[in-house]
Q: 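I am attaching a structure below and will ask some questions about it afterwards.
Note that ligands are numbered from 1 as they come in the structure, with each ligand's atoms numbered from 1 the same way. The shown structure was predicted, so the numbers you read here are calculated from the model rather than taken from an experiment.
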Amino acid sequence: MTAVRPDIAPKQAPEATRFPTGFVWGAATAAYQVEGAAAEDGRTPSIWDTFSRTPGKVRNGDTGDIAADHYHLYRDDVALMKRLGLKAYRFSISWSRVQPTGRGPAVERGLDFYRKLVDELLEAGITPVATLYHWDLPQELEDAGGWPQRVTTDRFADYAAIMAGALGDRVGTWTTFNEPWCSAFLGYGSGVHAPGRTEPASALRAAHHLNLAHGRAIEVLRGQLPAAAQTSVTLNLHQVRPLTASAADADAARRIDAVGNRIFTGPMLRGEYPEDLIADTRHLVDWSTLVHDGDLAAISGPIDVLGVNYYTPTLVSTPEKGAGSTRDDGHGASDYSPWPGSEHVAFHLSEGKQRTAMNWAIDPDGLYNLLMDASRDHPEVPLMVTENGAAFDDYVSPEGRVEDPERIAYLHGHLDAVQRAVADGADVRGYFLWSLMDNFEWAYGYSKRFGTVYVDYASQRRIPKASAHWYADVIRRHALPPTGPS
Ligand code: FCB
């Protein structure tokens with residue numbers, strides 16, 4: 001192979017500039033982040049309604065009461081997606097909108113919203129991709145103990161059956177959970193997400209029950225959906241890197257990989273919990289009683305696609321004894337760790353990288369490595385990038401435009417990483433930009449704008465940012481546009 005000086009190498013080899021035929025171009029949102037209409041048509045509070053009303057939990061006291069008002073504006077939003085040429089829309093269903101208390105019969109008005117949304121999408125030629133759970137547990141189920149309680153998996157299986165019955169004839173791709181790591185460890189460990197509990201053992205119990213609920217839902221979906229339907233789960237696989245080549249830092253990386261990634265991929269894709277995870281956490285939970293006979297078989301039922309979300313890598317070390325450990329792991333500050341059993345691990349900001357408004361390092365190679373690692377470790381399951389994107393401090397210019405060149409550069413770099421992974425053998429079926437539009441960014445409220453479409457919250461006016469036009473061009477070409485000289 002001829003060595004090419006990196007400074008004169010072309011940014012992309014011409015033969016690598018196309019994505020596979022059938023590669024899906026989409027954008028994603030989540031119910032609580034965009035819908036609003038929090039108390040309409042029978043919807044009752046989820047844990048995020050309660051959490052956002054708890055003083056000090058969400059920046060500026062923001063809530064999802066109105067959000068981007070997608071509940072009322074979905075027709076316009078679908079029309080906008082069509083104009084941008086999107087081929088797929090990944091949205092989530094608000095459990096407490098369709099089954100208000102998390103148990104018992106469904107509410108038709110709630111189901112109707114999703115039926116109408118899906119019909120509108122199909123009419124526009126946009127493939128709906130439905131996620132059953134994007135963090136918004138009905139409050140009554142949390143009051144009964146939430147995810148640390150095994151009975152919540154029964155509730156989730158019932159809910160999955162309701163949704164398969166209501167939308168199974170028109171939604172072809174189903175995702176059980178979005179980022180169960182966040183639900184378990186930010187929700188019950190560090191407490192920066194709803195329900196805001198800080199109980200390491202409960203976080204681990206929640207993780208197992210989320211796994212079990214996933215497996216049980218997959219079984220329900222398989223039983224009710226047409227054979228051609230695809231089932232999946234979306235994980236935020238942490239791309240973990242040790243700070244140095246020391247054995248101590250390698251151990252930190254192993255630990256975070258175990259409780260960040262393999263705690264889900266192990267049972268879901270291999271039918272077992274990793275032994276090192278069990279060893280690292282056995283002082284917190286008794287895995288032999290937490291995991292019942294038959295659970296692992298239930299969790300590891302086959303899925304058709306593995307969704308992966310990626311934003312930034314995770315750089316870790318084992319600090320010297322006595323040295324303070326950094327808590328900033330990119331998931332929000334807390335006095336409590338979201339890493340049960342590995343609380344001593346330190347997190348670092350990678351040097352020399354540009355950052356987004358979340359202070360997350362911009363590192364497209366992390367996405368390349370994630371896709372390559374996942375396809376090496378689980379070659380049997382195709383991948384889909386179900387979220388990738390960036391927040392920047394966008395504003396509307398006096399001419400009414402939103403110029404977001406940083407986002408264009410971010411997307412270009414990451415799509416190039418996807419393309420490189422595909423060229424190197426990863427089976428990546430599609431890409432969903434996070435997010436279609438600005439929305440309620442959890443504990444950051446409306447202060448962080450991830451949308452490719454700007455939302456003026458006062459008027460609910462949508463303004464496609466420059467990146468939306470750029471993305472529309474990518475979709476049209478089915479390829480990245482050439483980059484100018486840098
Ligand atoms: C992911 C979430 C999504 C959004 C992005 C920025 O972890 O799934 O809802 O908040 O981060």
Q: Might you list the protein residues in contact with ligand 1, defined as having a heavy atom under 4.0 Å from one of its atoms, sorted by chain and number?
A: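 These residues qualify: Gln33, His134, Trp135, Asn178, Glu179, Tyr311, Glu387, Trp434, Glu441, Trp442, Phe450.
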Q: Can you sort out the partners of Thr50 under side-chain hydrogen bond (donor to acceptor under 3.5 Å, both in side chains), two or more places apart, ordered by chain and number?
A: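 Residues passing side-chain hydrogen bond (donor to acceptor under 3.5 Å, both in side chains) with Thr50: Gln139.
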Q: Can you list everything that forms a salt bridge (Lys or Arg N to Asp or Glu O under 4.0 Å) with Glu403? Sequence neighbours excluded, please.
A: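 Expected list: Arg401.
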Q: Start with the C-alpha gap between Arg254 and Asp276, add the side-chain angles, then the distance that decides, and say whether salt bridge (charged side-chain N to carboxylate O under 4.0 Å, His left out) holds.
A: CA-CA 9 Å; Arg254 175 198 63 70; Asp276 60 329; 2.9 Å; yes
Q: With sequence neighbours excluded, what pairs up with Arg462 under the salt bridge (Lys or Arg N to Asp or Glu O under 4.0 Å) test?
A: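 With neighbours one apart ignored, the set is Asp77.
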Q: Could you check whether Arg420 makes a cation-pi contact with Tyr368, meaning its NZ or CZ is under 6.0 Å from the centre of the six-membered ring and within 45° of the ring axis?
A: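 Geometry flag: set, cation within 6.0 Å and 45°.
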Q: Between Arg429 and Asp427, is there a side-chain N and carboxylate O pair less than 4.0 Å apart?
A: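 Result for this pair is yes, salt bridge flagged.
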